[in-house]
Amino acid sequence: MTRPVLYIGNKNYSSWSMRPWLALKWGAVAFDEKIIPLGGEGYGQSQIREVREVSPSGRVPALHLGDLVIYESLAICEWAAEQAPALWPRDALARADARAASSEMHAGFAAMRRDMSCNIRRRLAAAPDWPADTQADLSQLFALWARVLERYGGPFLFGQRSIADAMFAPMCTRLRTYAVPTPEFARTYCATIFADAAFQEWERAGEAEPWTIEQSEALYR
Ligand SMILES: N[C@@H](CCC(=O)N[C@@H](CS)C(=O)NCC(=O)O)C(=O)O
């Protein structure tokens with residue numbers, strides 16, 4: 001097999017890119033990465049020319065495996081887990097539960113994603129006033145984390161580090177960026193993510209990036 005190539009967006013902003021990148025790193029799957037700076041013409045409409053050239057959805061991440069392109073972050077994570085099965089919990093029921101949580105992240109939390117655009121290096125002094133649907137997403141997030149941390153004993157969501165943590169890692173950075181009042185158990189969980197070596201590698205690269213996306217910076221300016 002030719003070496004996989006993962007096309008990603010700016011590390012500071014592209015939460016969907018972070019997820020499979022972490023899964024591949026955690027699974028010790030060798031790959032090359034290519035960053036396509038997002039923003040500018042076509043952004044937000046899946047019409048950035050450089051992205052369309054490498055991804056049929058016009059969005060990143062996209063993993064090139066020879067002549068096949070796997071797009072959609074969760075599908076790339078699933079491929080990573082086929083190379084490194086420990087990326088999902090060993091127990092079948094826990095694995096199903098972790099898949100449910102990962103799918104919920106992939107399909108849900110739309111209000112949080114709308115109002116708390118990923119911006120890893122940014123820190124707001126105080127949390128803005130969010131509408132009810134964003135508050136509801138936050139309550140849902142904390143309820144989900146509380147349930148699985150209690151059931152599987154932590155320190156990761158399903159005990160050992162798994163794809164579910166890769167899926168939720170950008171939610172930890174959002175809580176930090178937007179100064180969200182966060183219960184102790186969730187702060188402890190996020191500290192576990194922030195201490196992870198692969199996460200730190202991504203974060204450092206994001207902090208050093210020269211590009212900005214105006215749309216994201218304009219939020220709560
Ligand atoms: N459902 C997709 C979402 C991917 C996505 O929205 N990626 C953003 C960057 S984080 C993108 O490529 N945006 C380009 C655009 O909006 O034109 C996934 O899970 O991979």
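These values consider heavy atoms only, across backbone and side chains, with no hydrogens, waters or symmetry-generated copies. One-based numbering, in listed order, for ligands and for the atoms of each.
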Practice task
Please identify each residue that fulfils side-chain hydrogen bond (donor to acceptor under 3.5 Å, both in side chains) with R113, with sequence neighbours left out.
Solution key: none
Practice task
Count the heavy atoms belonging to other residues, nucleotides or ligands that lie under 6.0 Å from CZ of R151, then report whether that count exceeds 12.
Solution key: no
Mind listing the N or O contacts between ligand 1 and protein, cut-off under 3.5 Å?
from: ligand 1; atom 1: 1 (N); to: E72; atom 2: OE1; distance (Å): 2.7
from: ligand 1; atom 1: 1 (N); to: E72; atom 2: OE2; distance (Å): 3.3
from: ligand 1; atom 1: 6 (O); to: R59; atom 2: NH1; distance (Å): 2.9
from: ligand 1; atom 1: 7 (N); to: V60; atom 2: O; distance (Å): 2.7
from: ligand 1; atom 1: 12 (O); to: V60; atom 2: N; distance (Å): 2.9
from: ligand 1; atom 1: 16 (O); to: G44; atom 2: N; distance (Å): 3.0
from: ligand 1; atom 1: 16 (O); to: R59; atom 2: NH2; distance (Å): 3.3
from: ligand 1; atom 1: 17 (O); to: G44; atom 2: N; distance (Å): 2.9
from: ligand 1; atom 1: 17 (O); to: S46; atom 2: N; distance (Å): 3.0
from: ligand 1; atom 1: 19 (O); to: E72; atom 2: OE1; distance (Å): 3.2
from: ligand 1; atom 1: 19 (O); to: S73; atom 2: N; distance (Å): 3.2
from: ligand 1; atom 1: 19 (O); to: S73; atom 2: OG; distance (Å): 2.7
from: ligand 1; atom 1: 19 (O); to: H106; atom 2: NE2; distance (Å): 2.7
from: ligand 1; atom 1: 20 (O); to: S73; atom 2: N; distance (Å): 2.9

Practice task
Return yes when atom CZ of R114 has more than 12 non-hydrogen atoms of other residues, nucleotides or ligands closer than 6.0 Å, and no otherwise.
Solution key: yes
Problem - Greater than 12 external heavy atoms within 6.0 Å of E209's CD - result: yes
Exercise for the section: On the 0 to 90° scale, with breaks at 30° and 60°, tag the H64-Y7 ring pair as parallel, tilted or perpendicular. Expected result: tilted
Practice task
Could you label the plane-to-plane angle of the Y152 and F158 rings as parallel, tilted or perpendicular, counting under 30° as parallel and over 60° as perpendicular?
Solution key: tilted
